There are 2 protein chains.
Amino acid sequence: MPRPATPARTPGRPRAGVDAAVFAATLRTVHEVGYAHATVDRIAAAAGIAKTTVYRRWPTKGALITACLVDAFGPVPLDGADREEILSAAIRWIAAKIGEPGIGAAFAGVFTDAVNDPALRQVLSTQLQDPYRLALQDTLGEPEQRVLFLIDVVVGTLLHRMGMTGEPMVDADVDALVAMVLRH
Amino acid sequence: MPRPATPARTPGRPRAGVDAAVFAATLRTVHEVGYAHATVDRIAAAAGIAKTTVYRRWPTKGALITACLVDAFGPVPLDGADREEILSAAIRWIAAKIGEPGIGAAFAGVFTDAVNDPALRQVLSTQLQDPYRLALQDTLGEPEQRVLFLIDVVVGTLLHRMGMTGEPMVDADVDALVAMVLRH
DNA sequence: CGAGTTATGCTACTTCTAGTATCGATACTT
DNA sequence: AAGTATCGATACTAGAAGTAGCATAACTCG
């Protein structure tokens with residue numbers, strides 16, 4: 001007799017399925033009060049759970065934000081006939097994502113936190129950047145160093161605009177960014 | 001009888017000339033312990049003055065860091081025969097500055113703080129970015145929007161590299177950045 | 001149904017940091 | 001000598017990250 005698809009549950013109270021609710025609450029809170037005031041207390045309250053429950057799942061605030069971003073971004077679409085189409089679509093995709101409410105601010109915030117926190121930097125690099133880097137290396141057939149440079153240019157530019165103006169980059173400038181990167 | 005070159009001093013104890021010492025202590029502290037642990041207490045101690053004296057001169061930590069960066073960067077060199085030479089020199093100059101000990105980390109740190117602090121964002125934009133933007137507009141004869149885009153690309157890329165790796169961008173990649181921007 | 005196990009909510013706590021308040025001492029001008 | 005503005009030092013408030021402890025809820029297994 002075949003075992004059921006779901007493996008035998010371990011004993012004890014099961015985890016509440018609140019990850020999605022916490023991620024949504026995180027982005028909503030960051031969008032409403034800004035990264036600096038989006039405290040774990042506030043995020044937990046917005047998600048309707050206790051702060052301690054948040055810390056039982058994510059060890060630090062930075063890890064929570066990173067996980068939220070990984071969830072929010074999802075896989076990069078790598079469609080297109082040639083390098084131009086693929087890169088153009090990928091750049092417009094990340095620009096649109098960073099423009100979504102809360103995402104850009106959360107990204108910039110956790111990025112800033114990471115600058116002086118090697119542990120968080122590693123989390124961010126491993127969990128958020130590496131999957132996209134590897135997918136791009138595979139699809140474009142280009143070496144790691146070159147892909148890392150591309151990511152620096154695209155993401156750095158978009159985040160700098162968010163940081164200096166508080167607003168996502170307008171379409172016309174995203175077009176210019178695409179053109180600049182493609183002609184490289 | 002002509003008045004002396006120095007205008008009549010106001011009564012009261014004159015301010016101690018410690019700005020330079022505070023700036024040096026700021027960069028040194030950020031370099032040694034990182035932006036996150038470079039507290040105002042620590043910076044003041046490193047400069048040999050009281051924390052309260054720091055707050056009498058700069059209203060917030062962000063303002064202190066910004067003033068320190070303005071002092072550290074100084075005016076952008078805009079030498080060169082044509083647009084290529086001017087831009088190339090300017091990009092290499094800012095890349096070298098961001099690579100100096102403490103400067104890149106301080107820049108990234110205050111930049112990150114600014115993302116969700118509109119007041120600091122204004123200070124950063126007005127005191128740090130605008131002088132360079134205006135000088136570039138004058139020298140290059142290009143509109144504000146285009147120069148802002150250039151700054152986003154160059155500074156954003158350099159800071160993203162600092163933030164993700166903790167290290168300044170290597171020369172080979174700075175060369176690639178110059179080439180990419182110039183061909184635009 | 002009862003025992004064992006694990007997750008949750010809640011409250012309280014520690015630690016750290018930005019920024020403020022106060023006050024006596026100091027350095028200058030008139 | 002009187003007046004004024006700054007400095008150093010101490011103490012303080014407020015806010016946020018992260019932790020500890022405990023009662024309670026939800027589930028599995030016998």
Side-chain angles (χ1 to χ4, degrees), chain A residues 3-4 6-22 25-26 29-30 33-68 106 109-110 112-114 116-117 119-120 123, chain B residues 3-4 6-22 25-26 29-30 33-68 106 109-110 112-114 116-117 119-120 123:
Chain A
R3 293 217 319 250
T6 53
R9 273 257 208 63
T10 55
R13 177 174 178 168
R15 285 203 153 189
V18 292
D19 284 22
V22 174
T26 300
T29 305
V30 169
V33 304
Y35 185 83
H37 296 117
T39 66
V40 177
D41 257 326
R42 238 192 267 252
I43 292 171
I49 64 173
K51 181 175 74 159
T52 44
T53 300
V54 173
Y55 277 104
R56 284 187 187 105
R57 300 181 181 218
W58 300 278
T60 64
K61 181 182 173 181
L64 164 63
I65 304 281
T66 305
C68 179
V110 74
T112 306
D113 284 353
N116 296 291
D117 182 341
L120 177 55
V123 169
Chain B
R3 295 212 322 244
T6 52
R9 275 257 205 66
T10 54
R13 176 174 180 168
R15 287 202 151 188
V18 293
D19 283 22
V22 174
T26 301
T29 306
V30 169
V33 304
Y35 184 84
H37 296 117
T39 66
V40 176
D41 258 326
R42 239 192 265 252
I43 292 171
I49 65 173
K51 180 176 76 161
T52 45
T53 300
V54 172
Y55 277 105
R56 284 186 188 106
R57 302 183 180 216
W58 300 278
T60 64
K61 181 182 174 183
L64 164 63
I65 305 279
T66 304
C68 179
V110 74
T112 308
D113 284 353
N116 297 291
D117 182 340
L120 177 56
V123 169

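In this text the structure is predicted, and so the values were computed from the model without any measurement. Chain A is the first sequence line, chain B the second, and so forth, proteins listed ahead of strands; every chain is numbered from 1.
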Mind listing the residues from residues 53-67 of chain A sitting with a heavy atom below 4.0 Å of DNA chain C? Number order is fine.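 Under 4.0 Å from DNA chain C: A:Thr53, A:Arg56, A:Arg57.
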
For DNA chain C, which residues in residues 34-50 of chain B have a heavy atom at a distance below 4.0 Å?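 Those residues whose heavy atoms fall under 4.0 Å from DNA chain C, taken from residues 34-50 of chain B in numerical order, are B:Thr39, B:Val40.
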
Is there, by distance only and without an angle test, a donor paired with an acceptor across the side chain of B:Lys51 and the base of D:dG8 below 3.5 Å?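 Check fails, no donor-acceptor contact within cut-off.
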
Could you check whether the side chain of B:Thr52 and the base of D:dC7 have a donor-acceptor pair of N or O atoms closer than 3.5 Å, going by distance alone?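 By the distance-only test, no, there is no pair.
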
Would you tabulate the pairs of protein nitrogen or oxygen atoms and nucleotide nitrogen or oxygen atoms of nucleotides 2-6 of chain C closer than 3.5 angstrom?
from, atom 1, to, atom 2, distance (Å)
C:dT5, O2, A:Gly12, N, 3.4
C:dT6, O2, A:Arg13, N, 2.9

List the atom of A:Trp58, the atom of A:Ala67, and the distance in Å for their closest heavy-atom pair.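 Residues A:Trp58 and A:Ala67, closest heavy atoms: NE1-CB, 3.5 Å.
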
If you look at every heavy atom in B:Val33 and B:Ala38, which pair is closest and at what distance?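 Distance-wise, the nearest heavy atoms are CG2-N, 3.8 Å.
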
Does any part of the side chain of A:Tyr35, heavy atoms only, come nearer than 4.5 Å to the side chain of A:Ile65, both counted from C-beta?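 A side-chain contact exists here, since the closest heavy-atom pair is under 4.5 Å.
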
If you fit an axis to the five pairs at each end of the helix from C:dC1-D:dG30 to C:dT30-D:dA1, how big is the angle between those two axes, to 10 degrees?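 End-to-end axis angle for the helix from C:dC1-D:dG30 to C:dT30-D:dA1: 10°, rounded to 10°.
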
Donor-acceptor contacts, no H, no angles, side chain residues 42-55 of chain B, under 3.5 Å, sequence neighbours left out:
from, atom 1, to, atom 2, distance (Å)
B:Arg42, NE, B:His37, O, 3.0

Interatomic distance where CG belongs to A:Leu120 and P belongs to D:dA17 [whole Å]: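 Atom-to-atom, A:Leu120 to D:dA17, this comes out as 13 Å.
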
Sequence neighbours left out, what passes salt bridge (charged side-chain N to carboxylate O under 4.0 Å, His left out) with A:Arg57? Give chain and number order.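 Counting only residues at least two positions away or on another chain, A:Arg57 forms a salt bridge (charged side-chain N to carboxylate O under 4.0 Å, His left out) with A:Asp19.
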
Could you go step by step and tell me if B:Val22 and B:Leu64 meet the side chain to side chain contact (heavy atoms under 4.5 Å, CB included) rule? CA-CA 9 Å; B:Val22 174; B:Leu64 164 63; 3.8 Å; yes

Going through the distances and angles, do A:Leu120 and A:Thr66 end up as a side chain to side chain contact (heavy atoms under 4.5 Å, CB included)? CA-CA 9 Å; A:Leu120 177 55; A:Thr66 305; 3.9 Å; yes

